[in-house]
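Below is one structure; the comments refer to it alone.
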Amino acid sequence: MHTVLKTGKHASIIEHIDSKNKIYEIQAAPYFDESGNMLGVIESFRDITKRLEVENSLIEQERKIYDLTHYDNLTGLPNRSVLLDRVNQAIYHALIKNTHLALISLTLDRFKKINETLGHHVGDCLLQEVAQRLNTLVPQGQTVAKDSGSQFFILLEEVPQQEDVVDLADVVLKGIKQSFHANGHELIPSCSLGIAFYPEQAENSTELLARADVAMRTSKDDMGGGAVTVYDPKYGEIAPQSLRMEADLKHAIENDKLHIHYQPQFNLENDVLVGFEALVRWNHPAEGPVSPGEFIPLAEETGLIHSLGRWVLRQVCQQIHSWEQAGISVVPVAVNVSSLQMKKNNFVHILEECLNEFQITAQLIELEITESAVMDRLEKSMELLSAIRGLGVKLAIDDFGTGYSSLSYLKSFPFSKLKIDRSFVMDLENDENDAAIITAIISMAKSLGLKTIAEGVETELQKQFLIKHGCDEVQGFLMSRPLPVEAIETNYLSSK
């Protein structure tokens, strides 16, 4: 009150009353008459104990999810997700500073045989030992990361000479080869290393990782392991998409040679159909069915993703219109959106254009956007997502848990649904970490008022786990594979 009387401005404090174990927010504000004279002070207070408990719980859940999804549980090292982010940042800084960087790919030789003959517990001990040795051998400030299996990566920034990297790789090779005891067994580990340099041998993070891997495979397969290899084009490439495939994809988009399959989504509580996810398919005239895992990255790399994304959106809107015209009850359809589409200034215009052209209700469209796409440009993303919600279109976070989750953006952005990535679902019966991640994600989503949907559900045990922990919706091969329109209409849609 003293502060308000002195300054004429609002003031507040937080008080913790130990005797009641309560926390109160006390606010005081000046009260003026019509002439601007202060007549007094209005004071109010509210119990914020529960609110702070929920916020602290959310923060703790977020921390657990971050740790579980960004660090290898066995070794404590950053995982591939963190590595990719750091490689991209390192390339950006190298470009600005005109410096060089190197990526070393390392895999343990005969690791599978160790697991099979001595047991996985010995293999796990070996991986932990290797992680500790790498942390000791690699200069402080550089990145050591753990990928799947027995593969590790070392990212070296501001590399002075390539020879220095080769020398360090030799030191690592010898350091790993020192004897190691585990469960009464003496092991002498061996490893194969491959090195790739930026910008000499790669233009981006994808090429850098691929070429470090090619060099590592050369050490392991061609040289018998226990070797260091620097990438050379003569070792071959992880083949880039050919110009012919790019031309064929462009032709397919322009001439309606692609088609859409729809995967049903169900309410977990009663198995009622609640939506579909639209998935684009390409049956190449010569190559046969081409995996989306192949042609979607090609579309992004070549810039065709914008015309492809527009084609998919129009097809879905047109299909919904056809169903409504035929008197068929329609459920919302989810459409995946690439981060590159979001960066295009006319994306909202294209979306609005499709809705108007086919005169469909905006709420029948749900856009699935990856969290990494949102985090890429926070301010721009907020504007874009607000504009999309302004049209009435629903928004879902796709592949949640695989990027850099942030409680602040989850609270601020207009999402209504959170999609749990299939990578956590597929092994939750055998992997306690995946089960813990899913449980934490569902709990966080409920606290924030978001629905959850799990993808990639293939077994009854997975479904029962999700039901038990309060997941709202589900899709996966257990219920239905993605199906063409005719099968969807026959099996799942009916007239009003």
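What you see below is based on every heavy atom in this structure, not just the backbone, and it leaves out hydrogens, waters and symmetry mates. Being a predicted model, the structure only gives us computed values, none of them experimental.
Annotation: side chain of Phe465 is not in contact with side chain of Val457 (no heavy-atom distance under 4.5 Å). The shortest side-chain heavy-atom distance between Gln151 and Asp213 falls under the 4.5 Å cut-off. Counting only heavy atoms from C-beta outward, the side chains of Leu279 and Tyr262 never approach each other to under 4.5 Å. Put simply, the side chain of Ile104 does not reach to within 4.5 Å of the side chain of Val172, judged on heavy atoms. Proximity of Leu304 to Phe295: side-chain heavy atoms (C-beta onward) are nowhere separated by under 4.5 Å. At a threshold of 4.5 Å between non-hydrogen side-chain atoms, the residues Leu448 and Phe415 do not count as touching. Contact check for Ser205 versus Ile91: side-chain heavy atoms found under the 4.5 Å cut-off. Counting only heavy atoms from C-beta outward, the side chains of Leu156 and Asp164 never approach each other to under 4.5 Å.
Ala278 approaches Asn336 most closely through the heavy-atom pair O-ND2, 3.9 Å. Taking both residues in full, the closest heavy atoms of Leu173 and Ala227 are given as CD1-N, 4.1 Å, listed atom of the first, atom of the second, then distance. Taking both residues in full, the closest heavy atoms of Met479 and Phe266 are given as CB-CE1, 3.4 Å, listed atom of the first, atom of the second, then distance. Between Ser148 and Lys146, the closest heavy-atom pair is C-NZ, 3.9 Å. For Leu168 against Pro139, the heavy-atom pair with the smallest separation is CD2-CD, 3.9 Å. The two atoms that bring Gln263 and Ser480 nearest to each other are NE2-O, 3.1 Å, heavy atoms only.
The structure places CG of Asp72 at 9.5 Å from CG of Asp147, a figure rounded to the nearest 0.5 Å. In this structure, CG on Leu137 lies 8.0 Å from CD1 on Ile154, to the nearest 0.5 angstrom. Here Ser81 contributes atom OG and His70 contributes atom NE2; the two are 4.0 Å apart, rounded to the nearest 0.5 Å. Interatomic distance, OG1 of Thr459 versus NZ of Lys463, reported as 11.0 Å (0.5 Å rounding). Put simply, CD1 on Ile397 and CG on Leu450 are 6.0 Å apart, with the number rounded to the nearest 0.5 Å. Between the OG atom in Ser423 and the CG atom in Asp434 there is a gap of 7.0 Å [rounded to 0.5 Å].
Other residues, nucleotides and ligands place no more than 12 heavy atoms under 6.0 Å from the CD atom of Glu203. For Glu287, the CD atom sits in a packed shell: over 12 heavy atoms of surrounding residues, nucleotides or ligands are nearer than 6.0 Å. Remark: Asn98 CG is loosely packed, at most 12 non-hydrogen atoms of other residues, nucleotides or ligands lying under 6.0 Å away.
A salt bridge does not link Asp85 with Arg80: none of the charged nitrogens is closer than 4.0 Å to a carboxylate oxygen. Salt-bridge annotation for Glu158 and Lys97: present, with a side-chain N of the basic residue lying under 4.0 Å from a carboxylate O of the acidic one. Electrostatic pairing of Lys451 and Asp472 does not count as a salt bridge here, judged by no charged N lying under 4.0 Å from a carboxylate O.
With hydrogens and angles left out, the side-chain atoms of Glu277 and Gln265 include no donor and acceptor closer than 3.5 Å. In summary, the side chains of Glu200 and His100 do present a donor paired with an acceptor at a separation below 3.5 Å, with no hydrogens or angles considered. At a cut-off of 3.5 Å, with distance as the only test, a side-chain donor of His284 or Asp248 sits close to an acceptor on the other residue. With 3.5 Å as the limit, one finds no donor-acceptor pair spanning the side chains of Ser192 and Thr107. Under the 3.5 Å distance criterion, with hydrogens and angles disregarded, no donor-acceptor pair is assigned to the side chains of Gln201 and Asp232. Using modelled atom types, one finds a donor on one side chain and an acceptor on the other under 3.5 Å when comparing Ser338 with Glu300. Counting only N and O atoms by type, the side chains of Gln132 and Gln128 include no donor and acceptor under 3.5 Å apart.
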> Going through the checks in order, is the side-chain contact (heavy atoms from CB on, under 4.5 Å) test met by Leu193 and Thr229?
Replying inline: CA-CA 6 Å; Leu193 297 92; Thr229 302; over 6 Å; no
> Between Met216 and Ser219, does a side-chain contact (heavy atoms from CB on, under 4.5 Å) hold up when you go through it step by step?
Replying inline: CA-CA 5 Å; Met216 180 269 288; Ser219 292; 5.6 Å; no
>> As a quick check of understanding, evaluate salt bridge (Lys or Arg N to Asp or Glu O under 4.0 Å) for Asp109 and Lys177, giving each step before the final call.
In response: CA-CA 11 Å; Asp109 301 327; Lys177 207 167 185 178; over 6 Å; no
>> side-chain hydrogen bond (donor to acceptor under 3.5 Å, both in side chains), that's the test. Do Asn73 and Glu432 meet it? Break it down for me.
In response: CA-CA 10 Å; Asn73 183 58; Glu432 292 181 358; over 6 Å; no
> side-chain hydrogen bond (donor to acceptor under 3.5 Å, both in side chains) between Glu157 and His93: does it pass, once the steps are laid out?
Replying inline: CA-CA 9 Å; Glu157 301 184 53; His93 291 139; 4.8 Å; no
>> Determine whether Ile420 and Ile453 satisfy the following criterion, side-chain contact (heavy atoms from CB on, under 4.5 Å), listing intermediate values before the conclusion.
In response: CA-CA 6 Å; Ile420 302 170; Ile453 178 169; over 6 Å; no
>> Show, in sequence, the C-alpha distance, side-chain angles and deciding distance for Thr370 and Asp398, and conclude whether the side-chain hydrogen bond (donor to acceptor under 3.5 Å, both in side chains) test is met.
In response: CA-CA 4 Å; Thr370 62; Asp398 196 12; over 6 Å; no
>> Please determine whether side-chain contact (heavy atoms from CB on, under 4.5 Å) holds for the pair Leu208 and Leu101, giving the CA-CA distance in whole Å, both sets of side-chain angles, and the decisive distance to 0.1 Å.
In response: CA-CA 10 Å; Leu208 191 65; Leu101 57 93; 3.5 Å; yes
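Side-chain N or O atoms of Gln341 include none that pairs as donor or acceptor with a backbone N or O of Ile305 at under 3.5 Å. Under a 3.5 Å cut-off, the side chain of Lys419 and the backbone N or O of Arg422 do not form any donor-acceptor pair. Formation of a donor-acceptor pair under 3.5 Å by the Ser443 side chain with backbone atoms of Thr439 is not found in this model. For Arg389 (side chain) and Val393 (main-chain N/O), a donor-acceptor pair under 3.5 Å exists by modelled atom type. The backbone N or O of Ile23 sits less than 3.5 Å from a side-chain atom of Thr49, completing a donor-acceptor pair. The main-chain N or O of Phe424 is never found under 3.5 Å from a side-chain atom of Asp421 such that the two would form a donor-acceptor pair. In this structure a side-chain-to-backbone donor-acceptor pair under 3.5 Å is missing from Arg211 to Tyr231. Within the 3.5 Å criterion, the main-chain N or O of Pro484 finds no donor-acceptor partner in the side chain of Arg281. In this structure, the side chain of Gln475 does not engage the main chain of Gly456 through any donor-acceptor pair within 3.5 Å. For the pair Glu246 (side chain) and Leu298 (backbone), a donor-acceptor distance under 3.5 Å is absent.
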